[in-house]
Engineer: 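For reference, the structure I am asking about is given below.
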Amino acid sequence: MELSAASTAKKVVVFDYGFGNVRSAERALARVGADVEITRDFDKAMNADGLLVPGVGAFAACMQGLRAARGDWVVDRRLSGGRPVMGICVGMQILFARGIEHGVEAEGLDEWPGTVAPLEADVVPHMGWNTVDAPADSRLFAGLDADARFYFVHSYAVHDWALESHNPVIEAPKVTWSTHGKPFVAAVENGALWATQFHPEKSGDAGAQLLTNWIGTL
């Protein structure tokens with residue numbers, strides 16, 4: 001399957017704070033035509049067309065690393081100015097208010113209300129390919145079939161979406177779900193802030209199309 005790159009090379013910074021598959025993300029973004037740089041430089045992260053925040057490992061450790069690299073400031077400042085940010089895996093989870101792992105609660109970035117909690121399933125972690133249930137008007141999943149599969153590796157997730165928008169002037173968040181034991185949030189599109197629980201950079205052509213869709217909005 002041939003995927004068209006973005007019509008112009010958009011500058012995307014993969015934020016390197018020590019807790020993400022930065023090289024895999026770099027390769028996947030370059031494949032779909034982005035001009036990619038891996039860095040934790042504040043000015044470069046602020047000025048890029050798009051900022052991608054990856055994440056693997058424990059919620060609390062990722063938050064500690066992100067704060068040490070001033071990534072919390074970068075995300076907040078970019079979103080305050082309507083500048084696109086995308087989180088992947090734990091990079092999505094830390095966008096929520098808090099995470100609970102092994103009985104330990106840690107504060108997240110609180111861009112969205114909600115708690116990242118253990119998956120409620122017979123088999124944990126959730127590792128492998130799974131389908132998602134995306135809204136019909138999703139821009140993130142545009143051009144993808146309903147049976148498209150994405151690669152997940154996680155033991156925690158958000159099971160309840162708490163943010164509602166009643167302002168007709170502001171577009172309501174688009175929430176995509178998947179199921180492993182119990183339904184959980186698999187992706188969110190909320191203004192300039194988009195995120196996926198799965199790994200698009202490991203999801204083959206479906207993941208590449210999704211990244212193409214994101215870059216097309218930058």
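For the single chain, residues carry numbers from 1 onward in sequence order. Since this is a predicted model, take the numbers as computed values, not measurements. Values below: all heavy atoms of this structure, side chains included; hydrogens, waters and symmetry mates excluded.
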Engineer: So, for Gly71 and Phe15, which heavy atoms are closest and what is the spacing to 0.1 Å?
Structural biologist: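 Nearest heavy atoms, Gly71 then Phe15: CA-CE2, 3.6 Å.
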Engineer: With a 4.5 Å limit on heavy-atom distance, are the side chains of Trp214 and Leu29 in contact?
Structural biologist: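 The answer is yes, as the side chains (C-beta and beyond) meet within the 4.5 Å cut-off.
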Engineer: Between Leu163 and Val185, is there a shared hydrophobic cluster once you connect ILVMFWY residues whose side-chain heavy atoms come closer than 4.5 Å?
Structural biologist: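 Cluster IDs for Leu163 and Val185 match.
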Engineer: Between Glu120 and Lys182, is there a side-chain N and carboxylate O pair less than 4.0 Å apart?
Structural biologist: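 Yes.
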Engineer: Aromatic ring centroids of Phe152 and His154 under 6.0 Å?
Structural biologist: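 So the answer is yes for these two rings.
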Engineer: Check step by step if salt bridge (charged side-chain N to carboxylate O under 4.0 Å, His left out) holds for Asp41 and Arg70.
Structural biologist: CA-CA 9 Å; Asp41 181 271; Arg70 300 176 70 202; over 6 Å; no
Engineer: Could you check whether any side-chain N or O of Tyr151 sits under 3.5 Å from a backbone N or O of Gly207, counting only pairs where one atom can act as donor and the other as acceptor?
Structural biologist: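 Answer holds: no.
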Engineer: Does CZ belonging to Arg67 count more than 12 external heavy atoms closer than 6.0 Å?
Structural biologist: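 Atom CZ in Arg67 is crowded, with more than 12 foreign heavy atoms closer than 6.0 Å.
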Engineer: Rounded at 0.5 Å granularity, tell me how far CG in Leu52 sits from CG in Asp16.
Structural biologist: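 Leu52 CG to Asp16 CG: 12.0 Å, rounded to 0.5 Å.
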Engineer: Is it true that Phe184 and His159 have ring centroids separated by less than 6.0 Å?
Structural biologist: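 Here the rings of His159 and Phe184 have centres that are no less than 6.0 Å from each other.
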Engineer: Taking side chain as C-beta onward, heavy atoms only, is Leu51 less than 4.5 Å from Val74?
Structural biologist: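 The answer is yes, as the side chains (C-beta and beyond) meet within the 4.5 Å cut-off.
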Engineer: Does any part of the side chain of Asn47, heavy atoms only, come nearer than 4.5 Å to the side chain of Phe42, both counted from C-beta?
Structural biologist: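 Not in contact.
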Engineer: Check this for me: does any side-chain nitrogen of one of Arg98 and Glu107 sit under 4.0 Å from a carboxylate oxygen of the other?
Structural biologist: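 Result for this pair is no, no salt bridge flagged.
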Engineer: Give a yes or no answer on whether the side chain of Ser138 reaches the backbone of Ala134 with a donor-acceptor pair at less than 3.5 Å.
Structural biologist: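 Side chain of Ser138 to backbone of Ala134: no pair is present.
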Engineer: With side-chain contact (heavy atoms from CB on, under 4.5 Å) as the criterion, how do Tyr156 and Ile100 come out once you've worked through the C-alpha distance, each side chain's angles and the decisive distance to 0.1 Å?
Structural biologist: CA-CA 9 Å; Tyr156 300 85; Ile100 300 176; over 6 Å; no
Engineer: With rounding to the nearest 0.5 angstrom, report the CD to CG distance, Gln209 to Leu144.
Structural biologist: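 If I round to the nearest 0.5 Å, the distance is 5.5 Å.
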Engineer: Looking at every heavy atom in both Asn21 and Pro54, which two are closest together, and how far apart are they?
Structural biologist: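 Smallest heavy-atom distance, with atoms named: N-CB, 4.2 Å.
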Engineer: Could you tell me whether Trp73 atom CH2 has more than 12 heavy atoms of other residues or ligands within 6.0 Å of it?
Structural biologist: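 No, the 6.0 Å shell around CH2 holds no more than 12 heavy atoms from other groups.
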Engineer: Using every non-hydrogen atom in the two residues, find where Ala157 and Gln197 come nearest and quote the distance to one decimal.
Structural biologist: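 Looking at all heavy atoms of both residues, the closest pair is CA-OE1, 4.4 Å.
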Engineer: Assess the residue pair Phe59 and Phe96 against the criterion (ring pair (Phe, Tyr, Trp, His ring centres under 6.0 Å)); give the C-alpha distance rounded to whole Å, side-chain angles, the decisive distance to 0.1 Å, and a yes or no.
Structural biologist: CA-CA 10 Å; Phe59 184 104; Phe96 288 87; 9.0 Å; no
Engineer: Between Trp177 and Trp161, is the ring centre distance below 6.0 Å?
Structural biologist: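 No; Trp161 has its ring centre 6.0 Å or more from that of Trp177.
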Engineer: Please determine whether side-chain contact (heavy atoms from CB on, under 4.5 Å) holds for the pair Phe150 and Val132, giving the CA-CA distance in whole Å, both sets of side-chain angles, and the decisive distance to 0.1 Å.
Structural biologist: CA-CA 8 Å; Phe150 301 90; Val132 301; 4.0 Å; yes
Engineer: With heavy-atom distances below 4.5 Å as the criterion, would you say the side chains of Phe198 and Asn130 are in contact?
Structural biologist: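 Heavy-atom side-chain distance check fails, nothing below 4.5 Å.
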Engineer: Taking atom CG of Asn213 and atom CZ of Phe141, what is their separation to the nearest 0.5 Å?
Structural biologist: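 Here the rounded value is 9.5 Å.
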Engineer: Taking atom CG as the centre, does Asp122 end up with more than 12 heavy-atom neighbours from other residues, nucleotides or ligands that are less than 6.0 angstrom away?
Structural biologist: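 Incorrect, the count does not exceed 12.
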Engineer: List the atom of Asp205, the atom of Arg31, and the distance in Å for their closest heavy-atom pair.
Structural biologist: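 For Asp205 and Arg31, the tightest heavy-atom pair comes out as OD1-NH2, 2.7 Å.
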Engineer: Give me the atom names and distance for the closest heavy-atom approach of Ala30 to Val36.
Structural biologist: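 Smallest interatomic distance, heavy atoms only, reads N-CG2, 3.7 Å.
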Engineer: Check whether Arg78 reaches the backbone of Ala48 with its side chain - one donor and one acceptor, N or O, closer than 3.5 Å.
Structural biologist: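 Pair found, side chain donor or acceptor close to backbone of Ala48.
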Engineer: Closest approach of Pro135 and Thr176, non-hydrogen atoms and distance?
Structural biologist: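 The answer is CD-OG1, 3.3 Å.
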Engineer: Please report the interatomic distance CD(Gln93) to CG(Leu109), rounded to the nearest 0.5 Å.
Structural biologist: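 With rounding to 0.5 Å, CD (Gln93) is 12.0 Å from CG (Leu109).
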Engineer: Quick one: are Lys174 and Val188 in side-chain contact, heavy atoms under 4.5 Å?
Structural biologist: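 No, every pair of side-chain atoms sits at 4.5 Å or beyond.
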Engineer: Within the 4.5 Å heavy-atom criterion, are Ile88 and His199 side-chain neighbours or not?
Structural biologist: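 Ile88 reaches His199 side chain to side chain.
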Engineer: From Ile94 CD1 over to Glu111 CD, what is the distance, rounded to the nearest 0.5 angstrom?
Structural biologist: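 These two atoms lie 10.5 Å from each other.
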Engineer: I would like to know whether Phe19 and Val90 meet side-chain contact (heavy atoms from CB on, under 4.5 Å); could you show each step before the answer?
Structural biologist: CA-CA 9 Å; Phe19 289 88; Val90 182; over 6 Å; no
Engineer: Is Ile38 linked to Leu218 within one hydrophobic cluster, defined over Ile, Leu, Val, Met, Phe, Trp and Tyr using a side-chain heavy-atom separation of less than 4.5 Å?
Structural biologist: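 Cluster IDs for Ile38 and Leu218 match.
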Engineer: Are Val75 and Leu79 side-chain neighbours, meaning at least one heavy-atom pair lies under 4.5 Å?
Structural biologist: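 Side chain of Val75 against side chain of Leu79, heavy atoms only: contact under 4.5 Å found.
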Engineer: Report yes if some heavy atom in the side chain of Val85 is under 4.5 Å from a heavy atom in the side chain of Val53; otherwise report no.
Structural biologist: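 In short, these two side chains touch, coming nearer than 4.5 Å.
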Engineer: Side chain of Glu189, backbone of Leu140: donor and acceptor closer than 3.5 Å?
Structural biologist: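 It does hold such a pair.
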Engineer: Count I, L, V, M, F, W, Y as connected when their side-chain heavy atoms are under 4.5 Å apart, and connections chain through other members. Are Leu95 and Met46 then in the same cluster?
Structural biologist: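 Yes, because Leu95 and Met46 connect within a single hydrophobic cluster, where side-chain heavy atoms sit under 4.5 Å apart.
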Engineer: Hey, is Lys11 close enough to Glu37 for a salt bridge, meaning N to O under 4.0 Å?
Structural biologist: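 Counted as a salt bridge, because a side-chain N and a carboxylate O are separated by less than 4.0 Å.
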Engineer: What's the spacing between Asp145 CG and Thr131 OG1 if we round to 0.5 Å?
Structural biologist: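 The distance works out to 12.0 Å.
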Engineer: Do the charged groups of Asp72 and Arg77 touch, with an N to O distance under 4.0 Å?
Structural biologist: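 No.
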Engineer: For Val123, does its backbone N or O pair with a side-chain atom of His180 as donor and acceptor, under 3.5 Å?
Structural biologist: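 Confirmed, His180 side chain pairs with Val123 backbone.
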